Protein chains: 2
Amino acid sequence: MKSKKEIILDTALDLFAKKGYTATSTAKIAKQAGVSEGLIFRHFSNKDGLLNAIMELGKEKGQALFNLIQEFDTAKDQLRYILQIPFQIPIEEHSFWKLLYALKWQADSYDEEISSQLSVELVEIFKKLGYENCELEASYVMLLFDGMATSVLLKSHKDQKEIQQLILKKYNL
Amino acid sequence: MKSKKEIILDTALDLFAKKGYTATSTAKIAKQAGVSEGLIFRHFSNKDGLLNAIMELGKEKGQALFNLIQEFDTAKDQLRYILQIPFQIPIEEHSFWKLLYALKWQADSYDEEISSQLSVELVEIFKKLGYENCELEASYVMLLFDGMATSVLLKSHKDQKEIQQLILKKYNL
DNA sequence: TAGTTTTGTAAGTGATTACTCACTTATGAA
DNA sequence: TTCATAAGTGAGTAATCACTTACAAAACTA
């Protein structure tokens with residue numbers, strides 16, 4: 001059984017992802033979570049602290065996805081894995097990724113840490129694959145990665161398998 | 001000289017793009033614009049009406065960019081033009097596009113009209129270019145387009161010329 | 001010039017905001 | 001049992017929210 005703290009975290013993530021951070025009041029979170037509003041501030045220093053806790057938990061799950069890159073032996077396999085990450089984001093984690101991507105457009109972004117790490121790994125992969133301008137090709141894939149994630153998180157799900165195939169084909173994977 | 005109505009529109013766009021729609025109060029808009037808060041509601045029915053007026057003005061400017069597609073004779077020239085649109089968004093229109101992309105992650109999106117039109121044109125272009133699966137290739141370019149725009153609007157400006165070149169090269173343009 | 005409309009302001013409105021406070025209840029160790 | 005701490009509540013707080021009202025200045029029209 002989930003603790004009330006966990007319920008608050010889940011509910012806040014759900015509402016932040018659906019309605020946006022500023023558009024979600026602590027009163028609404030408390031009501032939907034079935035707890036008193038005061039309890040939110042017992043567990044978290046303030047509304048920002050609640051958001052930070054959510055992003056910290058989500059980042060750990062995201063990190064797990066990226067750590068798997070190293071498990072693949074060849075650069076080709078690693079690239080194939082990276083290019084399909086956006087399409088395999090678990091349903092249960094959709095809210096977190098949606099919130100992460102929505103927050104990118106506000107002042108403070110939470111995704112720089114993760115994305116810069118991915119960028120570094122991509123450069124290494126393209127070096128191994130013998131590409132001319134590895135940094136540039138990595139930047140392109142980062143851009144493609146953002147586009148894929150946006151498509152998965154916002155658009156309909158029907159053509160995604162085909163698009164995924166097309167992208168892998170473009171990199172001879 | 002700009003009318004106070006125009007100053008309100010400019011100021012609201014600036015703040016909405018920087019801080020987000022819900023995080024920007026009508027009081028802050030009035031203060032930065034140097035007008036009374038009441039004047040906002042004299043010119044616009046409510047805060048949503050103000051946003052709608054901004055998006056309507058911006059959409060016209062955006063439409064002008066897309067209408068230029070038809071000015072090019074060959075499918076190749078049209079595709080070349082489309083692929084560089086995100087890189088040539090005027091500085092003065094950055095706020096509008098940033099707001100448009102930020103709002104995509106909230107409930108109601110304003111960009112479907114524009115993007116669906118672009119999608120249709122891309123399918124036609126790929127038909128003319130003899131591509132196998134034109135709808136799929138168009139979806140891919142739409143996704144790429146989103147990634148490019150995001151990169152231009154949020155990231156540093158230094159590598160963008162090179163990325164633009166790379167993308168054109170990938171389509172033999 | 002007189003009358004009408006438009007543009008603008010200052011001071012409000014009730015509702016909602018994030019957050020606090022005093023207090024009660026549950027948990028667990030000695 | 002006792003005592004300390006953690007978990008939880010409900011009723012507050014001042015500030016801010018979107019929006020309204022009453023009224024004045026300015027601009028247009030006859």
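Predicted model only: the values in this text are computed from it and were never measured. So that the names make sense, note that chain A is the first sequence line, chain B the second, and so on, each numbered from 1.
Under 4.0 angstrom from either OP1 or OP2 of D:dG10 there lies no side-chain N or O belonging to A:Ser36. B:His43 has a side-chain polar atom (N or O) that falls below the 4.0 Å cut-off from OP1 or OP2 of C:dG8. Neither OP1 nor OP2 of D:dT16 sits under 4.0 Å from any side-chain N or O of B:Ser25. Residue B:Lys4 places at least one side-chain N or O closer than 4.0 Å to OP1 or OP2 of C:dT9.
Mapping A:Ile40 and B:Gly38 onto DNA chain D by nearest heavy atom places A:Ile40 at the nucleotide closer to the 5' end. Judged by closest nucleotide on DNA chain C, B:Glu37 is the one of B:Glu37 and A:Thr26 placed further toward the 5' end.
Across the protein-nucleic acid pair, A:Phe44 atom CZ and C:dC19 atom P stand 13 Å apart, rounded to whole Å. The nearest whole Å value for the distance from the CG atom in A:Leu39 to the P atom in C:dT25 is 16 Å. Computed from coordinates, the B:Asp48 CG to D:dA18 C1' distance equals 11 Å when rounded to whole Å. The NZ-P distance, from B:Lys2 to C:dT7, rounds to 18 Å in whole Å. Spacing between atom CD1 of A:Ile29 and atom P of C:dC19 amounts to 11 Å, rounded to whole angstrom units. For the pair A:Lys5 NZ and C:dA26 P, the computed distance is 21 Å after rounding to whole Å. Regarding A:Lys19, its NZ atom lies at a distance of 13 Å from the P atom of C:dT17, rounded to whole Å. Rounded to whole Å, the distance from CZ on B:Arg42 to P on D:dT21 is 11 Å.
Ranking C:dC19, C:dG8, D:dG8 by closeness to the A:Lys47 side chain, first place goes to C:dC19. Minimum atom distance to the side chain of B:Lys28 is reached by D:dC17, of the listed D:dT20, D:dC17, C:dT9.
Side-chain N or O atoms of B:Gln160 include one that pairs as donor or acceptor with a backbone N or O of B:Ser156 at under 3.5 Å.
Nucleic acid contact for A:Thr22: none, since no nucleic acid atom lies under 4.0 Å from a heavy atom of the residue.
Between the side chains of B:Tyr101 and B:Asp111, no donor-acceptor pair of N or O atoms lies under 3.5 Å. A side-chain N or O of B:Asp77 and one of B:Thr74 form a donor-acceptor pair less than 3.5 Å apart.
Note on ring orientation: taking the six-membered ring where Trp is involved, the planes of B:Phe66 and B:Trp97 are perpendicular (angle over 60°, cut-offs 30° and 60°). A:Tyr131 and A:Phe126 have perpendicular rings, their planes meeting at more than 60° on a 0 to 90° scale where under 30° would count as parallel.
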